[in-house]
Structure formats: C-alpha cells, structure tokens
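First listed ligand is number 1; within each ligand, the first listed atom is number 1.
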Amino acid sequence: MNELDTLLASAQAAFAQAATPADLENAKAQYLGKSGRVTELMKGMAALSVDEKKSRGAAINVLKQGIEAALTARRQALAEAELQAQLKAEALDVSLPGRQRGTGGLHPVSLTQERIEQIFASMGFDVADGPEIESDWHSFTSLNNPPNHPARSMQDTFYVDINGADGIPYNLRPHTSPMQVRFAQAHVKKYAGVSPMPEVRVIAPGRTYRVDSDATHSPMFHQCEGLWLGENVSFKDLKVVVTNFCRTFFESDDLALRFRPSFFPFTEPSAEIDIQFQSGPLSGKWLEVGGSGQVHPQVVRNMGLDPETHIGFAFGMGMDRLTMLRYGVNDLRQFFEGDMRFLSQFR
Ligand code: PHE
C-alpha cells in the first residue's frame, strides 16, 4: 500500500469513528484543513519537477476526492442516525385510545321535571318557580294551617335562624304548595281590572325539605305543584288533567287512577292520587304519587279572590317518586349519592 492509500484508509477510519457531526468536522480538519495532511502533501509538491508534479498532483486529487467522498458518506450517515434517534424519541402510538371528553347528561329527576313541564304545557299550564326559603305564612298559615294547628305536625319542617316580619322563623318549604298562593296573588295583581280575569293554570316544580331520611324519604326531595283556578273548574277537571298527565307520563293508556279520600288543610274535599299499572313488575299494586283536592275557600280568599266566584283544584306530586316508578329505581337515596355508575344509565 503506498503512502496515499494509507492516508485514505486512515481518513476513512477517522471519519467512521466520529460519533457526532462535531467530531466529524474535527476529523475533516486533520485531512482537508489549512494545515491538514492533504494540504501538507500539496505544499510538498513545490520541490518536484514539472512531470513529477503532473502525476503526483493527479494522485493527490484522487486521494482528495476519496477523502471527500468518505466525508460526505459519513455526514449523511450521521444525519440519518440523528433523524432516526429523533423519530424514536418522539414516537407516537397512533393505536392508543384518544382522550375523550365525556358527554354530560341530565339527572333522572331533571328528566322527569322536563317531561312534566312538557306534558302540562301541552295542556295550557304555565311553569313557575318559587323560593325554597319560605315564610311561615306562605308555607302554612296561608294554606289554612294556622299556628298551633295539629295538622302542622304532618310535616317535620326545617327552620332557618332568621325570623320573618311576623317574628316566626323562615322555613325550608316542606312542600311546593306555598306556590299556589304566591302565584295566584301575583296573577290577581297582574290582571287587576281585567274582566274576566284569565284562569290560573300553573305548575310549580322544585325542591322541598323535610326532616325525614330512609329508602323512600330524603331530607331534600322534589315536588311539583299544580293549580287550576277559574269560575267553573271542578273536581272532574282535576281527574281529567291528572289522569291524562299520568297516562302520558308513563306512556300507558290502561293505567288506572284512584282518588282516595284524604285530608289536607288547604283542600276540601281532598284525595290522595294512587296509580295502578296493568302490566310490568309493579302490575296490580296501588302506588301513591301525590295529594290533591278542591282549593279550600279560605285559601282562595288568601289568594285575593272571592270563593263565591273562583273555584278550582290543586295537586302536588312527588317527582322523585314518579322518577323511581318510571325507571324502576327502588332506593331514593341513589338519586343523591352522585354515583356515576348509576347516573350514567340515564344519559
Ligand atoms: N302539599 C301536599 C303534600 O306535600 C300535597 C298537596 C298539594 C295536596 C296540593 C293537595 C293539594 O303532601
């Protein structure tokens, strides 16, 4: 091997050893740089004859091209290796499942409320909302339930630490019935001087509270009040409206209803509303879904109306109860535990 071949082999070996582009540039300088080995060889030609210069020059050029070719090949190899390393580091597993954004859903009791509102709206009822912290007058007295009357103990009420104008503490409303008087009073005011006054036809769904807790009672629960007052509204209309509602709500035309005589201070006569499915797991059982009755004359007076000209009916239904019956849920507490395994079934 002559001197030039040895030099080429040593350059190739040096380039092969360079592990990084910077190493490679250092190695290049040793051969092709200003004082590199090839440059030294060129300088050494000065002392040669013209003929010798020709053949030596050609040989050095071949060497130089060989070294440059080796350099280019190594540069490409290093760049390729760097690219591969980068690709490996930034590897993306496209088969991994994506991060999903959960689609929310309404709570089953909210679904029931929406359904109730739709059905009653189709029968011409307004939908009203009222306060959950009520005065004693609205929750009890206006509903013909005077202070110290024993019927008050039908509801174990939560009281708030603030007294109303009457010196009696505010309460967390134990039913939605205060909305009967609130809404009717506002209606009378709104249509003052309008004759005849439009009928009051309203439902008022919302949260209610009682000191009660077991599988079928919760301290916070949901009711929907209904009120229809006019000059000629009778118990027959109550039966039609409630029957139509229940059959639509449960999508069951042969659903049987029973108005079982009962007592509420604010209605006379009063009735519990019981329903009976003719098929399915609950078939044949009578199930209570609410209370109802003809609005008591004293309550009509408290609304600012004359019971001689205005008559009507009211009802209050348990929205949690309706939800349990519709979906076959048997523990009311599941509605309030926030367990996604339960709730996501209603999406
Ligand atoms: N407020 C009564 C209850 O909570 C239900 C009811 C409403 C009864 C309207 C009659 C009329 O039990």
message: Could you check whether Arg210 makes a cation-pi contact with Phe158, meaning its NZ or CZ is under 6.0 Å from the centre of the six-membered ring and within 45° of the ring axis?
response: no
Under 4.5 Å side-chain linkage, directly or through intermediates, the cluster mates of Leu87: Leu83
query: Mind checking whether Phe342 and Phe346 have parallel, tilted or perpendicular rings, split at 30° and 60°?
result: perpendicular
- request: Taking the side chain as every heavy atom from C-beta outward, state whether Met179 and Ile203 have any atom pair closer than 4.5 Å.
  value: no
message: Students should find this: residues with any non-hydrogen atom under 4.0 Å from ligand 1. What is the answer?
response: His175, Ser177, Gln180, Arg210, Gln223, Glu225, Phe264, Phe266, Thr267, Gly291, Ser292, Ala314, Phe315, Gly316
field: Parallel, tilted or perpendicular: ring planes of Phe245 versus Phe120, cut at 30 and 60 degrees
entry: parallel
query: Is it the case that more than 12 heavy atoms not belonging to Asn148 sit under 6.0 Å from its CG atom?
result: no
